[in-house]
Amino acid sequence: MTDRTCRCCGKAFQHPAPGALSTKRNCGECCQLPEPLREVLERHQTELTRLRREVDRLRAAHPPEPAA
C-alpha cells in the first residue's frame with residue numbers, strides 16, 4: 001500500500017486498500033461523488049495548493065519584521 005492524497009478533498013489515504021472504493025486519484029468518500037462534482041473539486045483543490053505554495057514562497061522571501 002502507498003500513501004496517497006485525494007485530488008478532490010486533499011485528505012491522505014492508503015491505496016490500494018482491500019475492499020475500499022478508493023482509486024489512485026481519489027479517496028473512497030470522493031469516489032462516491034458524481035464525476036462532474038469531482039472535476040470541480042479537483043480544480044479547486046489544485047488552485048488551493050497553488051495558492052498555499054505562493055503564500056509560503058512570499059513569506060520565505062519577506063519574513064516579518066520583529067516587533068519593537
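Under a 3.5 Å cut-off, the side chain of R4 and the backbone N or O of R25 do not form any donor-acceptor pair. With hydrogens and angles ignored, the 3.5 Å screen pairs a side-chain donor or acceptor of T2 with a backbone N or O of H15. Looking only at distances, no side-chain donor or acceptor of R7 sits under 3.5 Å from a matching main-chain atom of N26.
Nearest heavy atoms, C30 versus C6: SG-SG, 3.6 Å.
Within the 4.5 Å cutoff, the side chain of P16 has no heavy atoms near those of the S22 side chain. By the 4.5 Å heavy-atom criterion applied to side chains, L41 and Q45 are not counted as neighbours. Side-chain contact between L21 and Q32 is present, with heavy atoms from C-beta onward closer than 4.5 Å.
Around atom CD of E29, no more than 12 heavy atoms belonging to other residues, nucleotides or ligands sit under 6.0 Å away.
Put simply, CD on E35 and CD on E39 are 4.5 Å apart, with the number rounded to the nearest 0.5 Å. In this structure, D3 CG and F13 CZ are separated by 9.5 Å, a value rounded to the nearest 0.5 Å.
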